[in-house]
Structure formats: C-alpha cells, structure tokens
Amino acid sequence: MHMLMVIGGGIVLMAVFLLFGKLWGNDAAGMALAAKVFIPVWLLVAITNLWVGVSHAGYTMRDELPILLIVFMVPAALAAFAIWRLSHP
C-alpha cells in the first residue's frame, strides 16, 4: 500500500511541475521542460524512499531495489510520455 501512495505522490508532484511549467512558460515547451526537470527530482525522492526503507524500516537493499525501480519508473514513464507528447503537437 505504501508503494502505491508513493507512486501516487509522484504523479501528483509531476502534475504540479507541469502546472508550474504552464504558468511560467505559458506554452507546451515550458511544460516539457518542467517534465524534464521532474525526472531527476523524482529520482532523488525515490532514492530517499529507498534509504528510509533500508535505514528505518529494516528492509534490506535487496528487498528495496525492485521497489525503487517500480516507484521511480511509473511517474518517470508518465513524464517521458508527457515530454514526447508536448514536444510533438
């Protein structure tokens, strides 16, 4: 359940990035740039989630690595799709 909440949080964070890209750039290029910035930010958040799981929740790195991949890839894939879609009208 925690994994789904983190993925949902990533999708909400991506929407916030896209909103700010729209507000600052006022066009699709600004939104695409915001999605590009979102991906490394989300990677840091996903790695922080891994660190909390290993250091505080008692999971091993072997347990947490597949979770890291899923938690990172779902919002990052949506951001990549948004970048592609916004770059090719």
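Note that the coordinates shown come from a computational prediction; the quantities given were computed from them, not determined experimentally.
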Item to check | Exercise: identify the closest heavy-atom pair between Ser87 and Ala32 | outcome: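 Looks like OG-CB, 4.2 Å.
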Checklist entry - How close do Ala79 and Ile39 get, heavy atom to heavy atom, and via which atoms? => result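 Here Ala79 and Ile39 meet closest at CB-CG1, 3.9 Å.
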List the atom pairs, donor and acceptor, that lie under 3.5 Å between side-chain atoms in residues 41-48 and the rest of the protein, sequence neighbours left out.
| from | atom 1 | to | atom 2 | distance (Å) |
| --- | --- | --- | --- | --- |
| Trp42 | NE1 | Val71 | O | 3.0 |
| Thr48 | OG1 | Leu44 | O | 2.8 |

Please say yes or no: joined through hydrophobic side-chain contacts below 4.5 Å, possibly via intermediate residues, are [X] and [Y] part of one cluster?
| X | Y | result |
| --- | --- | --- |
| Ile11 | Leu68 | yes |
| Met61 | Met3 | yes |
| Trp24 | Leu33 | no |
| Leu13 | Val37 | yes |
| Val16 | Val74 | no |

Inter-residue atom distance [X].[atom1] - [Y].[atom2], 0.5 Å rounding:
| X | Y | atom1 | atom2 | result |
| --- | --- | --- | --- | --- |
| Phe17 | Phe20 | CZ | CZ | 9.0 Å |
| Leu78 | Leu18 | CG | CG | 10.0 Å |
| Ile83 | Lys36 | CD1 | NZ | 6.0 Å |
| Leu65 | Leu50 | CG | CG | 6.0 Å |
| Leu23 | Met31 | CG | CE | 9.5 Å |
| His2 | Ile7 | NE2 | CD1 | 10.0 Å |

Checklist entry - Restricting to pairs with a member in residues 62-71, which pass side chain to side chain donor-acceptor pair (under 3.5 Å), not counting sequence neighbours? => result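 Residue pairs with at least one partner in residues 62-71: Thr60-Asp63.
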Checklist entry - Which other residues end up in the same hydrophobic cluster as Val52, if Ile, Leu, Val, Met, Phe, Trp and Tyr are linked when side-chain heavy atoms come under 4.5 Å apart? => result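 Besides Val52, the hydrophobic cluster comprises Trp51, listed by chain and residue number.
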Item to check | Connected-component partners of Met1 among ILVMFWY, side-chain separation under 4.5 Å | outcome: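 The other cluster members (ILVMFWY side chains, heavy atoms under 4.5 Å, direct or chained): none.
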Checklist entry - Taking only residues two or more places apart in sequence or in another chain, which ones pass side chain to side chain donor-acceptor pair (under 3.5 Å) with Asp27? => result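 Asp27 satisfies side chain to side chain donor-acceptor pair (under 3.5 Å) with no other residue.
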Checklist entry - Going by heavy atoms in the side chains, are Ile67 and Tyr59 under 4.5 Å from each other? => result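 A side-chain contact under 4.5 Å is absent here.
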Checklist entry - Mind checking what makes side chain to side chain contact (heavy atoms under 4.5 Å, CB included) contact with Leu4, not counting sequence neighbours? => result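 Testing Leu4 for side chain to side chain contact (heavy atoms under 4.5 Å, CB included), a comparison that skips the adjacent residues, returns none.
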